[in-house]
Amino acid sequence: MYQLNTLTLTDKRRQDWDDFVYASDESTFFHLSGWQDIIASVGHKCFYLYATQANTIVGVLPLARVKSRLFGDALVSTPFCVYGGAIGSEDVKRFLESSAQQLATKLQVQHLELRNQHPQDNNLQTRVQHANFSTSLADNPEQILAAVKKKQRAVIRHSLNESLHYTLDSSLDDFYQTYSQSVRNLGTPVFSKAFFAKILTTFANEAEILTVRKDNQAISSVLSFYFKGQVLPYYGGGVEQARQLKSNDFMYYQLMCHARLNKHCQQFDFGRSKLDSGAYSYKKHWGMQATELPYQYYLVTADELPNLSPNNPKYQLFIKLWKKLPLGFSQWLGPKLSKYLG
């Protein structure tokens, strides 16, 4: 009934793929074909499956193989992204999921992982470890602020008195220095600057950097995506001074206002956070509802579901040591590891 196809980097049907993604109610920014370029740029093999009927695309499932000695071998939809999984009608999704299971078996990976945003009616194992946070954006800054919980609203008001200002551009240097320091302080390897440059080039019309400064020094910065009326602050963080200045709070509030007033966005997608983590609590303080993410797995050579969580005890020593690395060294070593932590 359906024909299975694999999209290549030079495929003339990439525009058809993206047209289908934009037309689908289930699609996310991470289903766009441009992610294939980004994932392939760090060395991962992509398998962008799509189903056709009468030569018309009726469903897509972006997949990539992430293989390393340290972190295992998996077929994932989609590495570096919080959402994935098949989109299309129910029977098309089942067709694509079955095709993905066959591909995972053929490749002899440890497991297949589908990062679904919504529950699926299939026979795959489901595990919920993360929740998504999002909220509608009111029409003006005053209403946007009023929609935030009282305690967090007071923090934002405090930040507005700190002589902070922000710029909007695609300048990478300040963002990279700020973001890499933030993730180093969390004990997480950073991606390369080239990785972010690739994102900005690939999604030139959908990606934007907002940087908060005080006395011309970058304090906080976030790289956001725009998709179908949503703004997604995706890679963000601040230097040590950010906590005292509340500049991250200032940053996200200003992004909300900018996205609503200048980009005409109706939705603010605050991304995923691990259940009961610090980031989870922080986002709840904004008054946003948590929606659990039902990621699904199909085991091939593995005997149990993977656990690459930073809460895994076997990673605790690594995290503690990473936090102590000099920033420049973490920027050199981090990209060699982070590409396998997709």
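- Here the OH atom belonging to Tyr252 is positioned 8.5 Å from the CG atom belonging to Leu255, to the nearest 0.5 angstrom.
- Within the 3.5 Å criterion, the main-chain N or O of His118 finds a donor-acceptor partner in the side chain of Gln120.
- The environment of NZ in Lys284 is sparse: at most 12 heavy-atom neighbours from other residues, nucleotides or ligands sit within 6.0 Å.
- Annotation for Lys193: atom NZ counts as buried by contact number, over 12 foreign heavy atoms lying within 6.0 Å.
- Heavy atoms of other residues, nucleotides or ligands lying less than 6.0 angstrom from CD of Glu304 number 12 at most.
- No path of Ile, Leu, Val, Met, Phe, Trp and Tyr side chains, each step under 4.5 Å between heavy atoms, connects Val155 with Leu160, placing them in separate hydrophobic clusters.
- Aromatic ring orientation, Tyr22 versus Phe227: tilted (interplanar angle from 30° to 60°).
- Checked against the 6.0 Å centroid criterion, the rings of Phe329 and Trp332 qualify as a close aromatic pair.
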Stepwise, does the salt bridge (charged side-chain N to carboxylate O under 4.0 Å, His left out) test hold for Arg94 with Asp121? CA-CA 9 Å; Arg94 301 295 86 82; Asp121 183 16; 5.6 Å; no

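- Here Tyr226 and Phe203 keep their ring centres 6.0 angstrom or further from each other.
- Scanning all heavy atoms of the two residues, the minimum distance from Glu26 to Ile87 falls at CB-CG2, 3.8 Å.
- In terms of modelled atom types and a separation under 3.5 Å, the side chain of Asn5 and the main chain of Gln3 share a donor-acceptor contact.
- The ring of Phe195 has its center closer than 6.0 angstrom to the ring center of Phe80.
- Taking hydrophobic clusters as Ile, Leu, Val, Met, Phe, Trp and Tyr residues chained together by side-chain heavy-atom distances below 4.5 Å, Phe196 shares a cluster with Val82.
- Salt bridge annotation for Glu97-Lys93: absent, with no cationic side-chain nitrogen under 4.0 angstrom from a carboxylate oxygen.
- With hydrogens and angles disregarded, a donor-acceptor distance shorter than 3.5 Å links the side chain of Lys283 to the backbone of Arg272.
- Both tests hold for Lys45 against Phe47: distance to the six-membered ring centre under 6.0 Å, angle to the ring axis within 45°.
- Between the side chain of Tyr253 and the main chain of Pro141, a donor-acceptor pair closer than 3.5 Å is present.
- No continuous path of hydrophobic side-chain contacts links Ile57 to Leu63 [ILVMFWY only; heavy atoms under 4.5 Å].
- No continuous path of ILVMFWY side-chain contacts below 4.5 Å connects Leu114 to Ile39, so the two sit in separate hydrophobic clusters.
- Leu96 approaches Gly59 most closely through the heavy-atom pair CD1-C, 3.5 Å.
- Outside the 6.0 Å centre-distance limit, the rings of Tyr179 and Phe191 are not counted as a close aromatic pair.
- If you look at Tyr234 and Phe29, their ring centroids are not closer than 6.0 Å.
- Screening residues 84-108 for ring-ring contact (aromatic ring centres under 6.0 Å, His included), with sequence neighbours left out, gives Tyr2-Phe95.
- Using a cutoff of 4.0 Å between basic side-chain nitrogens and carboxylate oxygens, Arg153 and Asp249 are not scored as salt-bridged.
- Remark: Gln108 CD is packed, more than 12 non-hydrogen atoms of other residues, nucleotides or ligands lying under 6.0 Å away.
- The environment of CD in Glu90 is crowded: more than 12 heavy-atom neighbours from other residues, nucleotides or ligands sit within 6.0 Å.
- In terms of heavy-atom proximity, Arg213 sits nearest to Ala218 at NH1-CB, 4.0 Å.
- Residues Tyr166 and Leu261 fall into different hydrophobic clusters, defined by Ile, Leu, Val, Met, Phe, Trp and Tyr side chains chained together at heavy-atom separations under 4.5 Å.
- His158 and Gln244 make their closest contact through NE2-O, 4.1 Å (heavy atoms, listed as atom of the first residue, atom of the second, distance).
- At distances below 3.5 Å, at least one donor-acceptor pair connects side-chain atoms of Asn140 with backbone N or O atoms of Glu142.
- The distance from the OG atom of Ser68 to the CG atom of Leu337 is 9.0 Å, given to the nearest 0.5 Å.
- Contact record, Thr178 with Ser221: CG2-N, 3.8 Å, taken as the closest heavy-atom pair.
- A donor-acceptor contact shorter than 3.5 Å is absent between the side chain of Thr201 and the backbone of Lys198.
- Among Asn185, Leu327, Thr188, the one residue that satisfies the side chain to side chain contact (heavy atoms under 4.5 Å, CB included) test with Ser180 is Leu327.
- Looking at His44, Arg115, Arg65 one by one, the single match for side chain to side chain contact (heavy atoms under 4.5 Å, CB included) with Val76 turns out to be Arg115.
- In summary, the aromatic rings of Tyr295 and Tyr297 are positioned with their centroids too far apart to meet the 6.0 Å limit.
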